[in-house]
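Computed from heavy atoms alone, side chains included, the values below leave out hydrogens, waters and symmetry copies. Worth saying up front: this structure is predicted, and the values here are computed from it rather than measured.
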Amino acid sequence: MKDGICPKCGEREVYVSNDDLHNVSSPVKIWSRTALKLYVCAGCGYLEEYVQNAKDLAGIPESASFRKVIE
């Protein structure tokens, strides 16, 4: 999605939010606030969100709100 191509439908009409979405509750670190960037496909409506601050990613493995997809 970050490359401008929708992984669901192949559309190249992908848009990204101009501003980080602040004040979004995210269970990265026990429901702390983190900035997210939103990508949306204008063709099929598929959305992806990305955490913008790399330091917020460090709390995910220890968070009880997440589990690893493949063990």
Side-chain angles (χ1 to χ4, degrees):
M1 199 83 160
K2 288 181 177 180
D3 63 0
I5 301 170
C6 178
K8 297 294 181 183
C9 72
E11 180 68 57
R12 293 180 178 271
E13 288 291 317
V14 174
Y15 295 85
V16 62
S17 56
N18 287 325
D19 298 316
D20 290 341
L21 304 174
H22 293 286
N23 297 321
V24 175
S25 292
S26 176
V28 174
K29 290 186 180 177
I30 309 174
W31 293 99
S32 64
R33 302 284 189 185
T34 189
L36 301 175
K37 189 66 79 172
L38 178 68
Y39 290 76
V40 61
C41 173
C44 70
Y46 179 71
L47 298 170
E48 286 185 357
E49 293 176 318
Y50 292 90
V51 173
Q52 292 302 292
N53 191 337
K55 71 177 181 156
D56 289 340
L57 296 174
I60 291 174
E62 295 85 32
S63 174
S65 299
F66 291 93
R67 64 179 172 79
K68 193 172 180 183
V69 174
I70 298 174
E71 295 294 330

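Rounded to the nearest 0.5 Å, atoms CD (Glu11) and SG (Cys41) are 5.5 Å apart.
Counting heavy atoms from C-beta outward, Ile5 and Val14 have side chains that stay 4.5 Å or more apart.
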Show your working on side chain to side chain donor-acceptor pair (under 3.5 Å) between Glu13 and Tyr15 and close with a plain yes or no.
CA-CA 7 Å; Glu13 288 291 317; Tyr15 295 85; 2.6 Å; yes
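In terms of hydrophobic clustering, with Ile, Leu, Val, Met, Phe, Trp and Tyr side chains grouped at heavy-atom distances under 4.5 Å, Val16 and Tyr46 are assigned to a common cluster.
The main-chain N or O of Lys37 is never found under 3.5 Å from a side-chain atom of Ser17 such that the two would form a donor-acceptor pair. At distances below 3.5 Å, at least one donor-acceptor pair connects side-chain atoms of Gln52 with backbone N or O atoms of Tyr50.
Of all the heavy atoms in Cys9 and Cys6, the pair that sits closest is N-SG, 3.6 Å.
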